[in-house]
Amino acid sequence: MFKNAIALDSKVHAKCKMVLSNDMTFARNTLSAPLSATEVVKASREFPIFFPTKGHFLPVAQMGYRKNGNLYVDEQGAWTARYKPAHLRRFPFVLGARGEAGQYVLMVERSLISEDGDGEPLFENGGVPEGGIVERAQTFLTDFQKELTRTEALLKPLRDADILVPRTYNITQGEETLGAVRDLQVVDAEKLAALDDATLAAWVRSGLMAIVMAHLHSLDNWNSQKNLGN
């Protein structure tokens with residue numbers, strides 16, 4: 001998604017501007033997106049949602065199954081799904097780790113800023129304009145990062161409950177393999193039902209059960225995606 005993300009600097013980029021665009025071509029090779037808890041229900045109406053086998057334990061919206069094959073970016077670069085994950089909405093900005101735990105620096109895709117032409121200025125008078133593009137990006141990304149951190153904490157009981165099972169999805173057409181999605185986990189419905197009442201009640205109260213149920217319902221979207229890709 002990012003080809004050359006650079007840290008923004010009010011001195012180095014004092015004269016730079018940016019024109020925001022609805023073009024989603026940048027997402028054509030982005031096949032999955034981590035979700036915050038607040039996104040899961042909306043995303044589950046569009047995409048199959050899985051859980052990863054490694055890395056940060058967050059719900060993941062699957063948007064395709066082969067290289068350059070995001071099924072929701074059309075030939076003109078338009079987004080065709082009803083919901084767009086925050087992971088994509090943040091582009092062309094991203095937070096980069098500064099070195100100290102919990103410290104971040106705002107970064108941007110270099111090719112989309114320029115000192116020439118029209119656009120919204122990134123900085124004015126050596127600082128960040130109130131309500132400007134940089135301030136809006138900082139607010140969005142900071143809130144999103146907090147949401148992801150809260151989501152990972154919310155999902156810890158699920159990760160520890162031993163009710164997730166690994167899955168590999170192979171997409172074929174006749175004898176031809178079109179693609180595969182690996183390193184995924186899904187909730188085993190029978191193991192979920194076997195949990196004790198106290199655990200299930202706690203999950204309902206915390207909001208975790210809503211995520212689990214949205215995940216299970218979302219798996220029906222896998223068939224829809226296979227049809228989109230054919």
Looking at Met18, is its backbone amide N or carbonyl O close enough to the side chain of Glu120 to form a donor-acceptor pair, meaning the two atoms are under 3.5 Å apart?
no
Check the angle between the aromatic planes of Phe47 and Tyr72 and answer parallel, tilted or perpendicular using the 30° and 60° thresholds.
perpendicular
When you look at NZ of Lys15, are more than 12 heavy atoms from neighbouring residues, nucleotides or ligands closer to it than 6.0 Å?
no
Taking every heavy atom of Gly77 against every heavy atom of Thr25, the minimum-distance pair comes out as CA-OG1, 3.7 Å
For Pro59 and Val40 the tightest heavy-atom approach is CG-CG2, 3.8 Å
Go through the steps for Ser10 and Val128 under the test side chain to side chain contact (heavy atoms under 4.5 Å, CB included), then give the verdict.
CA-CA 8 Å; Ser10 60; Val128 175; over 6 Å; no
Would you say Tyr65 and Leu88 are hydrophobically clustered, going by side-chain heavy atoms of ILVMFWY under 4.5 Å?
yes
What residue pairs, at least two apart or across chains, pass side chain to side chain donor-acceptor pair (under 3.5 Å) with a residue in residues 209-220?
none
Hydrophobic clustering (ILVMFWY, side-chain heavy atoms < 4.5 Å, transitive) - are Phe140 and Phe93 grouped together?
yes
Describe, in one word, how the ring planes of Tyr169 and Trp222 are oriented to each other, choosing from parallel (under 30°), tilted (30 to 60°) and perpendicular (over 60°).
tilted
Between Val60 and Val186, is there a shared hydrophobic cluster once you connect ILVMFWY residues whose side-chain heavy atoms come closer than 4.5 Å?
no
Do the side chains of Phe57 and Gln185 get nearer than 4.5 Å, heavy atoms only?
yes
Short question: side chain of Glu109, backbone of Asn4 - any donor-acceptor pair under 3.5 Å?
yes
What pair of heavy atoms forms the shortest contact from Pro129 to Glu124, and how long is it?
CG-CG, 3.8 Å
Does the pair Gln62 and Leu31 meet the rule for a side chain to side chain contact (heavy atoms under 4.5 Å, CB included), with working shown?
CA-CA 6 Å; Gln62 194 68 32; Leu31 304 185; 4.2 Å; yes
Is it true that a side-chain atom of Glu135 and a backbone atom of Gly131 form a donor plus acceptor pair closer than 3.5 Å?
yes
Interatomic distance, CD@Glu152 vs CG@Leu148, rounded to 0.5 Å, equals 8.5 Å
Evaluate whether atom CG of Asp196 has more than 12 neighbouring non-hydrogen atoms of other residues, nucleotides or ligands under 6.0 angstrom away.
yes
Single-linkage hydrophobic cluster Val12~Phe123, side-chain heavy atoms < 4.5 angstrom:
no
Walk me through whether Arg136 and Leu20 qualify under side chain to side chain contact (heavy atoms under 4.5 Å, CB included).
CA-CA 12 Å; Arg136 298 197 305 271; Leu20 291 177; 4.0 Å; yes
Please round to the nearest 0.5 Å and tell me the distance separating atom CH2 of Trp203 and atom CG of Leu154.
10.0 Å
Answer yes or no: is there a donor N or O on one side and an acceptor on the other, between the side chain of Asn22 and the main chain of Ala78, under 3.5 Å?
no
With a 4.5 Å heavy-atom cut-off, do Gln145 and Arg90 have their side chains touching?
no
Between Lys42 and Glu39, does any side-chain N to carboxylate O distance fall below 4.0 Å?
no
Measuring only between side-chain heavy atoms, which start at C-beta, is Lys191 closer than 4.5 Å to Val165?
yes
Nearest 0.5 angstrom please: Leu164 CG to Leu192 CG, how far?
10.0 Å
Where do Leu219 and Ile49 come nearest, in terms of heavy atoms and distance?
CD2-O, 3.8 Å
Side-chain donor/acceptor of Glu115 to backbone N/O of Cys16, under 3.5 Å
no
Interatomic spacing from CD1 in Ile163 to CD in Glu190 - rounded to 0.5 Å
12.0 Å
In terms of hydrophobic clusters joined by side-chain contacts under 4.5 Å, are Val187 and Val41 together?
no
Has Arg167 got a side-chain atom pairing as donor or acceptor with Arg182's backbone, closer than 3.5 angstrom?
no
Tell me the closest heavy-atom pair linking Asn221 and Ser44, and the distance in Å.
ND2-O, 2.7 Å
Asn70 side chain to Thr30 backbone, donor-acceptor under 3.5 Å
yes
Criterion side chain to side chain contact (heavy atoms under 4.5 Å, CB included) on Thr151 and Thr38, from CA distance to verdict:
CA-CA 9 Å; Thr151 300; Thr38 56; over 6 Å; no
So does Gly127 get a backbone contact from the side chain of Asn125, meaning a donor-acceptor N/O pair under 3.5 Å?
no
Apply the side-chain contact (heavy atoms from CB on, under 4.5 Å) test between Leu208 and each candidate in Thr199, Leu200, Leu155; give the one that qualifies.
Leu155
Measuring from atom CG of Leu122 to atom NZ of Lys17, what distance do you get when rounded to the nearest 0.5 angstrom?
10.5 Å
Gap between atom CZ of Arg110 and atom CD1 of Ile6 - 0.5 Å precision:
5.0 Å
Closest approach of Leu58 and Pro52, non-hydrogen atoms and distance?
O-CD, 3.0 Å
Result for ring-ring contact (aromatic ring centres under 6.0 Å, His included) between Phe91 and one of Phe144, Phe26, Trp79 points to Phe26
N/O donor-acceptor pair under 3.5 Å between Arg82 side chain and Arg45 backbone:
yes
